[in-house]
Protein chains: 2
Amino acid sequence: MDNRNSKTEQKRRVTLEDVARDAGLSRSTVSLVLRGSSAPSQRAVNAVFGSIQRLGYVYNRTAANLRTQTTHTIGLIIPNIENRFFAEFTVSAELELDRAEQTVILAHTSESVARQQKAIAMMLEHNVDGILICPAPNTRRVNVQPLIQSAKPVVCVSRRMPGGPWRYVAQDNVTGSRMAVEHLVQLGHKRIAFVGVYPNTSAYHERLSGFREGMVRAGIAVDERIVFPGENSFEGGFRTAPRLCALADRPTAVCCFNDMTALGFMKGLESCGLLPGVDIAVVGFDDILEAAVWQPSLSTVRSRASVVGCEAARTLMRAIAEEATPDEEILVAVDLVVRRSSGSSPVSAAEQS
Amino acid sequence: MDNRNSKTEQKRRVTLEDVARDAGLSRSTVSLVLRGSSAPSQRAVNAVFGSIQRLGYVYNRTAANLRTQTTHTIGLIIPNIENRFFAEFTVSAELELDRAEQTVILAHTSESVARQQKAIAMMLEHNVDGILICPAPNTRRVNVQPLIQSAKPVVCVSRRMPGGPWRYVAQDNVTGSRMAVEHLVQLGHKRIAFVGVYPNTSAYHERLSGFREGMVRAGIAVDERIVFPGENSFEGGFRTAPRLCALADRPTAVCCFNDMTALGFMKGLESCGLLPGVDIAVVGFDDILEAAVWQPSLSTVRSRASVVGCEAARTLMRAIAEEATPDEEILVAVDLVVRRSSGSSPVSAAEQS
DNA sequence: CTCCCTGCTTAGATCGATCTAATTAATCGA
DNA sequence: TCGATTAATTAGATCGATCTAAGCAGGGAG
């Protein structure tokens, strides 16, 4: 007669108490069963699972969170998930965290420090057990002050962050860039440009310093006029190409900050009437999916985002278990993938033109 | 003398109680201030914020969650975030949810029903306020039974799900495919193939039925031999091309399930010695970033993932506020982007070969 | 002076788990 | 049969907010 199943009348959630009553046991015993303790008798275990099935009980983690002060929840702060590196990173980190029975809270900052601050505050309110963060450019110490104060386990990914020491997991940018230079030098190139400058992230500084290091080792002076500013994007690379082509003493080879920049740069070269891989050797960084299938295919430094994601997740789990020092660093090895875009030697290129 | 700041001795969290004591008020009043109630006096408000600042208080949402039975948390279940559509969707949904002061819990299923089931269970345990889900292929009613029982607000994105009625937000697949066909028909094509069959998702069925609809309207019979099975991916498209090229009565145009398939297909055409956009017209679906910059640039149906993300988030918020019916549907309009890959008419292509 | 507002404040119950400390039941050796 | 030991169970406090229902001033009307 009374319509208790109306829209506003929300039916009470089934609780441990209900299960206990149904199973003829106490709340405590049921709780022990749920957590897989060896204490309860087989009879009790059976009774509990029977009741859970019968009543449709759903474990209420929010209640446990309050009592245990641990939420089995990890904050993941990503600056730009449309960047394939971070997409791949996210997938593998999520997978690894899921294996460790952790839930992922996601925040996307779009490279904005303000959104990042909000994300950090929100995650601390949710009392996450730890945080994986790839900091936005221009992140200052003051922007992460709440993180520091919280003393929660944190792992920085792919970019360093002020206010540390922080745990740090990233691809080996310095070695990678150096390998790219060494590859070009081996092909006989001497005049090598660097394209794609996005200051204020450590990845940029590291890749550029790896570039310099390679040049120095090869005994070549770095000509600062052919270290090209510009955004790290397809557009950025595209717009840089004509400026490079216009130079009197045109470089014979180019290291790009990343693959998207390199692809745009190659496209720009073509619209200047130059053939990448023939007239100018081009090397990228990341090895995104498109690198292999582009025309010409792109020689690049492969940074394995999924390995970075997995290692970052594991490092965080160890940090939570207090098995990792606060300044631990993992550099994931990179390797050079030689394809067509770096194919030509400068000599053959000169012959051709 | 006593080293209370040791590693194991974790300092007690600052609570509302502490703030109340410091401000000389009761817990209740402080709580009212925090929630922006108009009841407390200005004096009280100032005192509370002063104490919060001084003590470094961080709001504990897990405690509030337990009492209010609302977590301000949304579950986001994504099958494949490396797919650009979902990456873009995720960014805009997250942004919109953040605006509504909601926190996003992310789960990535990698198109696996098993992982999806685990994700749903986990989210229900965390007592999310609502769920955005793009179901994995082959999702059956039994796989989402817990979702049904929970009676929580759910919005399906981009793919339909059994066990409904469910709210549904997606790009208009049927119209989009039909527009692609109409475009090709207008160019004079009569023999049009469909490439990229990934059954068991509604998006596939809808795009294929839009294709059929377009053909029927143009008075062209669909030749089932040139509806090509194969995975929806670069690889899938690539492998389909030679099979299509080998046909005696080769199609003059191709509709691809999505852009990645189309790009792979075009690459495959080239390795068969055919020029996409010259020998065969190709149209994709999605308008991913690469479509515009590919060689040749890809004609495609633009489905605005960010609009879908935004609409899905809003629909869910309305559902939570009980302002949306359980079977609400939003189809986001698509539009045709004509580029070079569909450039040629079948006549000029015939002349050329 | 009493009664009733209104504006501000608060004590104490509550959400649903976990944890501590203790109790009860079962087993065993002497 | 008894005390000791182990196995199984449980009552009640606890986590940190919110919410309910009520209390306490101070002012204005009757």
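Predicted model, so just to flag it, every value in this text is computed and none were measured. Residue numbers start from 1 in every chain, and the chains themselves are labelled A, B, ... in the order their sequence lines are given, proteins ahead of strands.
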Nearest-Å distance, CG (A:L66) to P (C:dC15)? 14 Å
Please work out if B:L34 contacts a base, only the sugar-phosphate, or nothing of the nucleic acid, heavy-atom cut-off 4.0 Å. nothing
Please report the distance, rounded to the nearest Å, between OH in A:Y59 and C1' in C:dA17. 7 Å
Both A:V14 and B:L25 contact DNA chain C. Which one's nearest nucleotide lies toward the 5' end? B:L25
Quick check on C:dT10: is either OP1 or OP2 less than 4.0 Å from any side-chain nitrogen or oxygen of B:S26? yes
Taking N and O atoms by type only, does the side chain of A:S41 place a donor or acceptor under 3.5 Å from a partner on the base of D:dA7? no
Separation of atom CG in A:N65 from atom C1' in C:dC15, rounded to whole Å: 13 Å
Per atom distances to the B:R27 side chain, the nearest of D:dG12, C:dT9, D:dT18 is D:dT18
To the nearest Å, how far apart are A:N60 CG and D:dC15 P? 19 Å
For a 4.5 angstrom cut-off between non-hydrogen side-chain atoms, does A:C134 reach A:F89? no
Per nearest nucleotide of DNA chain D, the residue lying toward the 5' end, B:A63 or B:S28, is B:A63
At under 4.0 Å, does any side-chain N or O of A:Y57 touch on OP1 or OP2 of C:dA17? yes
Does B:Q69 make a side-chain N or O approach to OP1 or OP2 of C:dG16 shorter than 4.0 Å? yes
Rounded to the nearest angstrom, tell me the gap between atom CG in B:L16 and atom C1' in C:dA11. 15 Å
When the distance from CG of A:N46 to C1' of D:dA8 is rounded to whole Å, what number comes out? 15 Å
Between C:dG16 (P) and B:R67 (CZ): distance, integer Å: 9 Å
Does a side-chain N-to-carboxylate-O contact under 4.0 Å join B:D98 and A:R115? yes
Under 4.0 Å: is that the gap between some side-chain N or O of A:R13 and OP1 or OP2 of C:dA17? no
Distance-only, no hydrogens or angles: does the B:S37 side chain make a donor-acceptor pair with backbone N or O of B:V33 under 3.5 Å? no
Does a side-chain N or O of A:R35 approach OP1 or OP2 of C:dC19 to a distance below 4.0 Å, or not? yes
I'd like to know if B:R61 pairs up with A:E125 as an ion pair, taking the criterion as any Lys NZ or Arg NE/NH1/NH2 lying under 4.0 Å from an Asp or Glu carboxylate oxygen. yes
Do NZ/NE/NH1/NH2 and the carboxylate oxygens of B:R167 and B:D327 come within less than 4.0 Å? no
Is B:T29 touching bases, backbone alone, or none of the nucleic acid, heavy atoms closer than 4.0 Å? base
Separation of C:dT20 P from A:L32 CG (nearest whole Å): 12 Å
